[in-house]
Amino acid sequence: QGGLAALGRLDEARAAAWEWLQIDREHEAAALAYADALARLGAGRDALRAYASLAALAPRSAATHRKLAAMFEAKGESAAACSHRRALASLAPADGGAALDLARCLLAAGDWDGARAAADTAANGKDHGAARDAQRLIDDIAVRRAPAPAARIAEPRGDIVVEARWEGAEDLDVALVLPSGERLAAGAPLPAGRRAVELPVGQQGQSEWLALTRANAGRYAVEVGRYAAAGAKTPVHGEVRVRALRTQRTFTFDLQPGGIARLTEISVSRPAATYRHY
């Protein structure tokens with residue numbers, strides 16, 4: 001059959017291999033020739049089935065696993081391809097190229113840890129070319145797995161800016177009481193020209209800020225409140241930084257569950273602002 005295929009007589013090669021398989025279903029060479037002929041004739045689905053049958057017949061056939069891996073990769077079926085790449089690496093544990101091919105396959109399948117392990121095997125092998133390429137792949141995996149840099153949060157701006165930070169995961173509310181008695185708080189509906197946004201700062205604490213774009217003359221107050229969560233007993237410690245016009249002050253607080261603290265009153269009289277500390 002190999003001679004017929006080499007001459008390009010693929011239909012005859014396929015027929016001859018098939019006839020031989022009718023005599024001996026477990027004839028490995030005939031099964032391989034039959035699958036190869038189908039693949040070269042473009043009968044991809046039939047070739048895939050023929051190679052799969054051959055893999056079951058001869059599980060240690062590297063040529064069969066290699067062809068199945070390539071066919072599944074061409075079809076975009078990474079998981080199936082990787083099973084054959086893994087078989088190839090197991091059949092030749094000293095073959096750095098097989099380990100590298102497995103690493104690339106696993107990476108395409110989204111198995112980062114498996115890809116790194118296979119790449120490590122290749123990098124530590126005796127095949128210097130595969131080891132070099134594996135190290136590049138390891139570096140690439142490290143870059144692709146690195147967390148994206150946190151988005152830079154714009155510095156809040158306004159005539160009055162209040163920024164609060166506190167320890168733990170308690171839910172606090174920071175409010176700016178306006179001369180009219182209206183409370184400006186994060187998440188609350190705001191009149192035009194005012195904004196309040198709640199922002200996380202990481203797992204070790206919480207942060208909230210609000211900004212009043214234009215502050216008319218008058219007296220303002222900064223308050224921090226804490227919900228009375230069930231089971232909460234210990235106080236929450238934090239600090240509030242207030243910028244009013246050209247002046248800045250920092251105030252600390254310790255809040256019990258259900259507590260509310262007025263930290264300061266700010267008297268705005270342009271171009272300056274003064275604070276009253278509670």
Side-chain angles (χ1 to χ4, degrees), residues 112 140-278:
W112 297 93
D140 181 53
I141 291 172
V143 170
R144 292 168 67 176
R145 293 194 76 175
R152 184 177 180 83
I153 299 172
E155 183 77 9
R157 294 182 179 182
D159 282 352
I160 299 177
V161 177
V162 180
E163 299 176 88
R165 294 173 182 265
W166 60 93
E167 299 172 352
E170 294 289 336
D171 188 7
L172 305 188
D173 277 329
V174 182
L176 179 65
V177 183
L178 308 184
S180 64
E182 179 185 5
R183 295 173 63 83
L184 176 61
L190 301 174
R194 300 172 188 165
R195 61 194 176 123
V197 181
E198 190 170 342
L199 300 171
V201 295
Q203 297 179 346
Q204 298 304 315
Q206 299 292 327
S207 171
E208 191 170 291
W209 66 263
L210 50 86
L212 182 64
T213 307
R214 174 75 179 178
N216 296 321
R219 181 168 293 178
Y220 299 76
V222 176
E223 295 180 345
V224 181
R226 178 183 178 188
Y227 289 104
K233 296 180 180 179
T234 58
V236 171
H237 176 74
E239 66 175 29
V240 174
R241 184 175 65 170
V242 181
R243 299 200 309 273
L245 301 181
R246 299 178 182 178
T247 61
Q248 177 174 301
R249 298 286 187 277
T250 299
F251 306 92
T252 60
F253 63 84
D254 289 282
L255 272 183
Q256 298 290 342
I260 185 169
R262 175 165 289 202
L263 301 179
T264 184
E265 286 186 355
I266 310 162
S267 295
V268 173
S269 179
R270 293 181 179 276
T274 59
Y275 295 83
R276 177 186 176 187
H277 191 183
Y278 281 81

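Just so you know, residue 1 is the first one in the sequence shown, and it goes up from there.
Scanning both residues, Val268 and Ala215, for their nearest heavy atoms gives CG1-O, 4.2 Å. Val174 and Leu210 make their closest contact through O-CD2, 3.3 Å (heavy atoms, listed as atom of the first residue, atom of the second, distance). Residues Ala164 and Trp166 approach most closely at O-CZ3, 3.9 Å, considering heavy atoms. Residues Glu163 and Val161 come closest through the heavy atom pair CG-CG1, 4.0 Å.
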Q: Given side-chain contact (heavy atoms from CB on, under 4.5 Å), test Val162 with Leu184 step by step and report yes or no.
A: CA-CA 11 Å; Val162 180; Leu184 176 61; over 6 Å; no

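A distance of 6.0 Å separates CZ in Arg243 from CD in Gln248, rounded to the nearest 0.5 Å. Interatomic distance, CD of Glu208 versus CG of Asp173, reported as 5.5 Å (0.5 Å rounding). For the atom pair NE2 of His237 and CD of Glu167, the computed distance is 5.5 Å after rounding to the nearest 0.5 Å. Separating the CD atom in Gln256 from the CZ atom in Arg226 is a distance of 7.0 Å, to the nearest 0.5 Å. Between the OG1 atom of Thr274 and the CG atom of Leu245 there is a distance of 10.0 Å, given to the nearest 0.5 Å. Distance CZ/Arg276 to CZ/Arg219: 7.0 Å, rounded to 0.5 Å.
With sequence neighbours left out, the salt bridge (Lys or Arg N to Asp or Glu O under 4.0 Å) criterion links Arg270 to Asp159. Not counting sequence neighbours, the partners of Ala261 by the side chain to side chain contact (heavy atoms under 4.5 Å, CB included) test are Leu255, Leu263.
At distances below 3.5 Å, not a single donor-acceptor pair connects side-chain atoms of Tyr220 with backbone N or O atoms of Ile160.
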